[in-house]
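Throughout, a chain's letter reflects where its sequence line sits, starting with A, and its residues are numbered from 1.
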Amino acid sequence: MELPFADAISGYFEIPIDNARRLLPPHLEPFELHHGSGILSMTVFDMPKSPVGGYRSVTMAIVVVPYVKGAPGERLPKAAVYPYLTGTNAFMPRQIGSSMFHLPHWGDNLKIDLTREGKSITAAVAAGKDPVATLTISEYEWEPTEYVYQSFMKDSSGSYRAEIEVKGEISDHEEETGKLVLHEHEFHNGLSIPDVFDVPFREVWTRNAVQTFGPLVQIQTA
Amino acid sequence: MKAAQKESGKVRFTDYDYSHFYYGAGDDPLNVLGSFGTWLEDAFPSGYYLYAEPLHSAPSTRVRVRNNKTGQVCDLLNMASYNYLGISYRDEVKKAAIEAVQKYGLGASGSPILSGTFDVHEELEKAVASFKGKPNTILFPTGYSANVGFISALMRSGDNIILDQYSHASIVDGSILAKSKTTFFRHNNPLDLDRKLANMKGKKLVVVEGVYSMDGDVCALPEIVEVAKKHGARILIDEAHSTFLFGPNGRGVAEHFGLDKEVDFHLGTFSKSLGGQGGFVCGDQTLIHYIAAFGRSRFFSCNLSPILAAGLVAGMKILESEPQLRAKLWSNVAYLRRRFAEEGVDIGKSTSQVMPVHVHNDHKVFEVAGKIQDRGLFLQPVTYPAVPKNKSRLRISISAAHTEEDLEQAVQVIAGVLREEGIQL
């Protein structure tokens with residue numbers, strides 16, 4: 001399945017490894033950035049031309065240890081994530097994301113605004129009148145990209161893994177120019193907000209891209 | 001890199017790095033070697049050959065180096081070795097080492113706490129303590145073991161160790177061995193340190209470095225000391241790249257800032273300024289006895305070779321009797337900083353003898369470094385994950401032994417290659 005998107009902006013933040021572990025199912029291991037530090041990612045997608053109409057989504061994830069098959073010529077994943085909560089501003093993509101991809105979703109529509117200013121882009125996420133999170137990242141240099149990452153999912157039906165290929169243009173850097181504000185909100189249940197670095201150590205912006213989802217592999221039954 | 005430069009769909013060896021080979025498949029630990037080996041087949045001839053090229057001469061300003069790709073031995077201008085004061089190959093040092101090998105033979109043949117302590121070790125400890133203006137010193141076989149041994153000797157499970165995010169691996173590994181809760185603060189950022197310490201209970205040790213080894217920037221020690229004291233934290237400074245260089249008497253960055261007494265623990269190495277090997281910690285007698293008793297990296301290692309200790313004693317005599325060496329080093333640093341600025345070469349925030357030349361392109365850094373070596377300079381690229389993404393660099397070490405002509409040659413070659421490669425100057 002192919003999902004084109006106009007922009008995807010991601011910030012990667014250090015969090016205590018204990019907090020990362022609390023957000024993961026037991027069969028997944030958090031990736032350690034440093035000793036004792038896990039990685040929280042927040043990604044906002046802008047998909048104006050999806051098969052179910054234009055929409056935006058926000059995904060909170062923990063970076064985890066990838067699954068390496070060890071097959072000859074295997075294309076290694078650049079990263080692996082466990083999205084512990086996704087939110088959208090429309091019903092249909094939420095329905096599809098939950099049923100087809102087993103992604104845990106915030107139940108109501110979110111308001112997701114994207115604002116560009118110079119080389120920066122800011123995503124403001126709100127639930128009704130309540131602010132949830134604001135993520136700002138900046139661009140560096142654009143280059144074509146083509147890579148694979150893994151996503152692990154878990155819901156009441158079991159645990160799954162998918163390989164997702166991304167083709168498009170990418171800008172990634174570690175200039176520490178971005179900013180994250182997490183507001184006290186149920187959306188962040190399980191996350192110790194004061195312990196999350198408020199400056200991303202890596203900022204990734206992908207644009208004019210397509211995500212191609214490989215076959216979903218069930219790795220555990222319910 | 002401009003979009004047109006990359007052939008769509010083609011995977012470059014620089015698309016992957018060591019961080020991608022940390023985990024392997026299945027239940028056999030050796031499985032990880034499959035994908036790593038495949039990648040290395042491409043990565044080695046394309047750029048990784050520049051690492052661990054064997055020297056066939058002393059690490060002076062001119063070295064004979066065997067190219068790992070061609071097998072050819074070349075004469076190169078050395079901009080890579082520490083040896084900041086150019087002491088390790090001085091006649092006085094070699095003579096002391098030769099006399100020591102005649103007297104003691106090759107090695108210490110024992111742990112320092114059993115049979116491996118020699119009179120020359122005690123002589124070196126006294127010389128370091130006197131130089132640093134501290135009551136006592138304890139030696140370690142390497143700088144790495146000094147950090148690992150000291151931190152894990154002092155801190156325990158349930159304690160807090162707070163590290164700069166750019167801390168050397170030995171500091172991180174010491175914290176792991178201590179089993180303490182480790183928290184990182186943003187590099188050289190006292191405000192973030194303050195935030196991290198704010199709600200911390202129990203024993204706290206803040207660890208900083210005098211000069212950071214990949215960026216060459218100096219620790220913001222006055223502000224960090226103020227924050228640490230406010231929260232009742234002890235402070236360890238690792239002066240690996242700053243002892244014998246900074247401060248009115250060369251004692252280090254703590255002396256440079258007039259904070260010698262405010263910093264609780266002073267650690268240093270002999271491999272940088274003196275071009276030898278080994279590490280040390282200074283402190284009062286009881287602290288030293290405690291570290292000797294609980295510092296496992298020292299306790300369970302063979303002691304520093306007495307040959308090295310004798311050479312280091314001779315080296316310390318030179319640095320004490322020739323303060324002009326430090327002056328020459330700082331003059332060389334100033335010259336190179338000025339010339340790089342004139343040529344538009346980006347050295348980041350370095351204000352020391354460790355100078356990173358930023359390439360700003362993770363895919364080009366190996367090509368740039370290879371060309372620079374082909375034109376007569378010995379230096380290595382440093383890439384992710386050793387440094388942040390897109391902050392690949394060429395790491396330069398300046399020595400007091402470099403002449404102005406040496407430095408000018410380095411500037412011409414580096415700036416010339418960066419221009420040719422389209423690196424923004």
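Dense packing is recorded around CD of B/E420, with more than 12 heavy atoms of other residues, nucleotides or ligands lying under 6.0 Å away. Within a 6.0 Å radius of CG in B/N199, other residues, nucleotides and ligands contribute 12 heavy atoms or fewer. Counting heavy-atom neighbours within 6.0 Å of A/R207 CZ, excluding the residue itself, gives a total above 12. Environment of NZ in B/K204: crowded, with over 12 heavy atoms of neighbouring residues, nucleotides or ligands closer than 6.0 Å. Heavy-atom neighbours of B/R156 CZ from other residues, nucleotides or ligands within 6.0 Å: above the threshold of 12.
Interface check for chain B: of the options A/E176, A/E175, A/R202, the most heavy-atom pairs under 4.5 Å are formed by A/R202. Among B/L163, B/I176, B/T183, B/V172, the residue making the largest number of heavy-atom pairs under 4.5 Å with chain A is B/I176. Interface summary for chain B: among A/D172, A/D198, A/L33, A/V65, the most heavy-atom pairs under 4.5 angstrom belong to A/V65.
Residues B/Y23 and A/P66 are in side-chain contact: their nearest non-hydrogen atoms beyond the backbone lie under 4.5 Å apart. A/H173 is not listed as a side-chain neighbour of B/K391, based on a closest heavy-atom distance of 4.5 Å or more.
Across all their heavy atoms, B/Y384 and A/E174 have their closest contact at CE1-OE2, 3.6 Å.
Note that CD1 of B/I171 and NE2 of A/H35 are 13.5 Å apart. Values are rounded to the nearest 0.5 Å. Considering OH of A/Y140 and NZ of B/K389, their distance stands at 11.5 Å, rounded to 0.5 Å.
Checked by atom type and distance alone, the side chain of B/R195 pairs as donor or acceptor with a backbone atom of A/P194 at under 3.5 Å.
For chain A, the nearby part of B/D192 is the side chain; its heavy atoms alone come within less than 4.5 Å. For A/E14, the part sitting under 4.5 Å from any heavy atom of chain B is the side chain, from C-beta outward, and nothing else. When heavy atoms are compared at a cutoff of 4.5 Å, B/Y22 does not approach chain A at all. In this structure, no portion of B/T38 lies under 4.5 Å from any heavy atom of chain A. Of the two parts of A/K78, the backbone and the side chain both hold a non-hydrogen atom closer than 4.5 Å to a non-hydrogen atom of chain B. Neither the backbone nor the side chain of A/Y67 comes within less than 4.5 Å of any heavy atom of chain B.
Shown are B/Y166, B/F184, B/F185; of these, the ring pair (Phe, Tyr, Trp, His ring centres under 6.0 Å) with A/H34 is made only by B/F184.
Look at A/E143 and B/R12 and you find a salt bridge, because one of the NZ, NE, NH1 or NH2 atoms lies within 4.0 Å of a carboxylate O, short of that distance. Under the 4.0 Å criterion applied to side-chain N and carboxylate O atoms, A/D18 and B/K181 are not assigned as salt-bridge partners.
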